[in-house]
Amino acid sequence: MNAAPSNNSYVGRHIVFMTDGELSPGPTYYNAYGIEQHDGRITGMQTSNSQTAIRNEQHTRHTRRYKELCKAIKAKGIRLWVVAFNTTLTTDMTECASPNSSYTANNSGALNDAFGQIAEEIADLRLVD
């Protein structure tokens, strides 16, 4: 945790989450915990023969984890910004973001604009060591 500012002012904390909007885990895709189908570090070894059933279960689990992470961040008083790049904002994305803190950008110009708007909102940002 950062030290309190010397002038007793408020310290705002922000996270900007930029996404392409696609949550597509797969049993043979490498992720932070290895390859789920082979390593079994998250839910044990996969026993279903249906790749569709495995993908649906993984998608549900990853979506739930994403939503819980968003709630935990906001519960700590951190403003969570979501920028959807080259995709539409889904309900999950807007619910993840803090109020009035979600943007969509379909090209690099719109992305620069979104980050410019975020910068204006946190214009009092000061970095200290």
Side-chain angles (χ1 to χ4, degrees):
M1 188 60 87
N2 294 336
S6 59
N7 61 359
N8 294 323
S9 64
Y10 171 76
V11 173
R13 290 176 171 75
H14 302 263
I15 292 177
V16 179
F17 175 59
M18 188 171 81
T19 179
D20 66 1
E22 185 171 344
L23 180 60
S24 60
T28 59
Y29 301 164
Y30 191 83
N31 63 45
Y33 306 102
I35 300 174
E36 286 190 44
Q37 180 172 321
H38 302 300
D39 299 331
R41 293 183 180 139
I42 297 174
T43 60
M45 300 302 279
Q46 300 291 340
T47 57
S48 174
N49 290 332
S50 168
Q51 292 296 311
T52 301
I54 292 170
R55 283 183 194 274
N56 289 342
E57 193 275 330
Q58 286 178 327
H59 188 273
T60 299
R61 187 174 60 255
H62 284 265
T63 300
R64 188 171 55 245
R65 185 181 301 144
Y66 165 75
K67 289 178 178 182
E68 289 300 318
L69 179 63
C70 296
K71 280 195 271 184
I73 289 168
K74 292 185 290 188
K76 290 182 176 276
I78 299 169
R79 187 165 182 184
L80 182 55
W81 302 85
V82 174
V83 178
F85 184 61
N86 205 26
T87 188
T88 58
L89 283 166
T90 65
T91 301
D92 289 340
M93 286 184 230
T94 54
E95 288 176 356
C96 176
S98 296
N100 302 311
S101 300
S102 56
Y103 296 91
T104 186
N106 292 322
N107 55 50
S108 60
L111 185 61
N112 284 335
D113 291 344
F115 276 95
Q117 291 173 3
I118 292 169
E120 285 179 21
E121 288 283 326
I122 59 174
D124 290 335
L125 177 68
R126 301 290 182 264
L127 300 176
V128 295
D129 56 41

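Being a predicted model, the structure only gives us computed values, none of them experimental.
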Heavy-atom side-chain proximity of [X] to [Y] below 4.5 angstrom:
{"X": "His14", "Y": "Ile78", "value": "no"}
{"X": "Trp81", "Y": "Ser98", "value": "no"}
{"X": "Lys76", "Y": "Arg13", "value": "no"}
{"X": "Val82", "Y": "Ser101", "value": "no"}
{"X": "Phe115", "Y": "Tyr103", "value": "no"}

Minimal non-hydrogen separation, [X] against [Y], with atom names:
{"X": "Lys74", "Y": "Glu95", "value": "NZ-O, 2.7 Å"}
{"X": "Leu111", "Y": "Met18", "value": "CD1-SD, 3.6 Å"}
{"X": "Ala97", "Y": "Ser102", "value": "CB-CB, 3.9 Å"}

Does the [X] side chain pair with the main chain of [Y], one donor and one acceptor, at a distance under 3.5 Å?
{"X": "Thr63", "Y": "Arg61", "value": "no"}
{"X": "Thr19", "Y": "Val83", "value": "no"}
{"X": "Thr94", "Y": "Thr91", "value": "yes"}

Please answer: with hydrophobic residues joined when any side-chain heavy atoms are less than 4.5 Å apart, are [X] and [Y] in the same cluster?
{"X": "Ile122", "Y": "Ile15", "value": "no"}
{"X": "Tyr66", "Y": "Leu80", "value": "yes"}
{"X": "Val16", "Y": "Ile73", "value": "no"}

Do NZ/NE/NH1/NH2 and the carboxylate oxygens of Arg65 and Glu68 come within less than 4.0 Å?
no
Just wondering, are more than 12 heavy atoms of other shown residues or ligands nearer than 6.0 Å to CG in Asn107?
yes
Roughly how far apart are Thr88 OG1 and Asn106 CG, rounded to 0.5 Å?
9.0 Å
